[in-house]
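Report on the structure given below.
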Amino acid sequence: MVLIAVFLVFPALWTLYLGTTDYRLTGIAASEPKFVGVRNYGDVLGDGDFHHSLWLTLQFVLGSAVIGQTLLGFAIAWVMRDRKGLVRRVVEALVLLAWILPGSVIAFLWIALLDRDGGTLNALLGTPGTAWLIDHPMACVIVFNVWHGTAFSMMLYGAALGNVPPSHLETARLAGASTLQTLRDAVLPRIRGHVLTSLLLISLWTFNDFTPFLITAGGPDRRSEIMSVYVYRTALGDGRLGFGAAISLIMILINLVIALVYLRALRERGRRERGRREPREAVAA
C-alpha cells in the first residue's frame, strides 16, 4: 500500500493539482504558481496540436497494437505451436530479444536500418537516398513498435493455444475444415478471453509509449508527434508544466475509457458463457 501510494496515488494527485495551475518550468510561475481552475483543460481541448496528436496516437494504437502486434503475435504462436527443438527456441529467442533490449539500443538499430545514406533497408531494396523517417514517419514508428512489442502477444497466445484441446483441432481436420475455418470455429471461441486481455494491455501500453520519440522526436513537422511526445514537448520543451499536466490527466481518462470498453466486453463474454453452461448443467442434473 505504501508503494502504491508513493508511486501511483501521489503522482496522480500531484498531476491533478498541477493541471489546475499555471505552473511553469522556469520564471515567476515556477516559484509562485497561480490557481487557474479548469482553464488548462479548456485550452487543451481547443488546441489544434492536441487534436492532431490524438489522431496520430489512435493511428499508432490501431496499426501497432490492435492490428500489428495482435496478428503477428498470434501468427507466430500458431506456426510455432507444434514445432519442437532448435527452430522454435531460435524464433522465440529472436522475438523476445526485440522485446527485452533497451529502448535506446533498438532506436539506434532502427535509425541505422532506415538511414537515408547508409541504411540497411535502402541497401537491401536498392533504393539509395530514400528518407524513410522523413517521408513515412508514422509508418516507420508503427512497424518499429510492432517489431518491438510482438513478444508479449506471442507468449500470451502461445499459452492460450496450449489450452485448446487437440481433439478439437483433430476433429476440424477430419471434417475437412480449412485453416481459417478451424481458427474461426475451433480456436477463437476458446481463446477469446486471451485475445481481449492481450488487446487491453497492449493498447494501453502503446497509447502511452514514449519510445518512438527516440527515432523521430515527433517529427518531421510533428507528423509523428503522438500523445506522449506531445506531453513531453509541452511540459519540458516549452516549460508549461501545468498545461502538460492537464494533457496527462486527459490521457488518463482516455486510458480509462479504453479499459472500460475491453472490461465490458470481457464481462459480456463471461455472461454469455454462463448462460450457455446453465442449460447444460440443468439437463445433466
Side-chain angles (χ1 to χ4, degrees), residues 58 60-100 142-143 145-209 255-285:
L58 294 178
F60 184 52
V61 173
L62 179 63
S64 174
V66 178
I67 298 177
Q69 294 181 47
T70 297
L71 293 182
L72 183 59
F74 180 82
I76 296 174
W78 177 257
V79 171
M80 292 291 111
R81 71 189 189 283
D82 295 327
R83 299 294 178 91
K84 305 294 183 183
L86 182 62
V87 174
R88 179 169 182 167
R89 288 197 294 270
V90 169
V91 172
E92 291 179 345
L94 290 175
V95 177
L96 286 172
L97 185 63
W99 193 36
I100 63 177
I142 288 174
V143 174
N145 200 60
V146 170
W147 175 86
H148 176 47
T150 294
F152 176 79
S153 294
M154 179 196 71
M155 292 188 295
L156 185 67
Y157 290 133
L161 291 173
N163 293 326
V164 177
S167 59
H168 289 196
L169 301 178
E170 184 64 20
T171 300
R173 186 184 67 82
L174 294 176
S178 65
T179 300
L180 290 178
Q181 290 172 329
T182 301
L183 291 174
R184 183 191 64 194
D185 299 327
V187 176
L188 289 181
R190 299 281 304 187
I191 67 170
R192 189 176 291 114
H194 296 82
V195 173
L196 290 173
T197 300
S198 175
L199 285 173
L200 170 61
L201 294 177
I202 62 177
S203 294
L204 294 177
W205 291 340
T206 303
F207 190 90
N208 300 285
D209 191 13
N255 281 310
L256 180 61
V257 171
I258 294 174
L260 289 176
V261 170
Y262 283 123
L263 291 176
R264 181 178 177 84
L266 281 171
R267 285 197 299 269
E268 289 295 330
R269 173 181 175 272
R271 190 177 298 113
R272 287 195 299 268
E273 288 185 348
R274 288 194 298 271
R276 287 194 296 267
R277 284 199 304 266
E278 288 173 357
R280 292 196 298 265
E281 293 172 354
V283 170

To check you understand the geometry: which heavy-atom pair defines the closest contact between [X] and [Y], and what is its length?
X	Y	result
Ser64	Asn145	OG-ND2, 2.7 Å
Val95	Thr150	CG1-C, 4.3 Å
Thr182	Ala177	OG1-CB, 3.8 Å
Gly63	Ile142	C-CG2, 3.7 Å
Gly73	Tyr157	C-CD1, 3.9 Å
Leu200	Ala259	CD1-CA, 3.5 Å

Let me confirm one number: the [atom1]-[atom2] distance from [X] to [Y], rounded to the nearest 0.5 Å.
X	Y	atom1	atom2	result
Leu156	Phe74	CG	CZ	11.5 Å
Arg89	Met80	CZ	CE	12.5 Å
Asp209	His148	CG	NE2	6.5 Å
Leu71	Trp78	CG	CH2	14.5 Å
Arg190	His168	CZ	NE2	5.5 Å
Asn255	Asn208	CG	CG	4.0 Å

Side chains of [X] and [Y] in contact at under 4.5 Å (non-hydrogen atoms):
X	Y	result
Leu169	Val187	yes
Met155	Leu96	yes
Gln69	Ser198	no
Asn163	Ile191	no

Worksheet item: How would you list, by chain and number, every residue that makes a ring pair (Phe, Tyr, Trp, His ring centres under 6.0 Å) with Tyr262, sequence neighbours excluded?
Response: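 Partners of Tyr262 under the ring pair (Phe, Tyr, Trp, His ring centres under 6.0 Å) test: none.
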Discussion item. Before you tell me yes or no, could you show the steps for Trp147 and Leu72 under side-chain contact (heavy atoms from CB on, under 4.5 Å), namely the whole-Å CA-CA distance, both residues' side-chain angles and the distance that decides it to 0.1 Å?
Written reply: CA-CA 9 Å; Trp147 175 86; Leu72 183 59; over 6 Å; no
Item to complete: If a pair satisfies salt bridge (charged side-chain N to carboxylate O under 4.0 Å, His left out) and one of its residues is in residues 160-183, list it, with sequence neighbours excluded.
Response: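 Applying salt bridge (charged side-chain N to carboxylate O under 4.0 Å, His left out) to every pair that reaches into residues 160-183, excluding sequence neighbours, yields Glu170-Arg173.
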Practice prompt. With sequence neighbours excluded, give me every salt bridge (charged side-chain N to carboxylate O under 4.0 Å, His left out) pair touching residues 148-167.
Written response: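 Every candidate salt bridge (charged side-chain N to carboxylate O under 4.0 Å, His left out) pair involving residues 148-167 fails, so no pair, neighbours aside, qualifies.
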Item to complete: Spell out, as yes or no, whether a donor-acceptor pair under 3.5 Å connects the side chain of Thr70 to the backbone of Ala65.
Response: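 Answer holds: yes.
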Worksheet item: Is there a donor-acceptor contact under 3.5 Å from the side chain of Arg264 to the main chain of Val261?
Response: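 Looks like no, no N/O pair under 3.5 Å.
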Worksheet item: Would you call the rings of Trp205 and Phe152 parallel, tilted or perpendicular, where under 30° means parallel and over 60° means perpendicular?
Response: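 The arrangement is perpendicular - the two ring planes meet at more than 60°.
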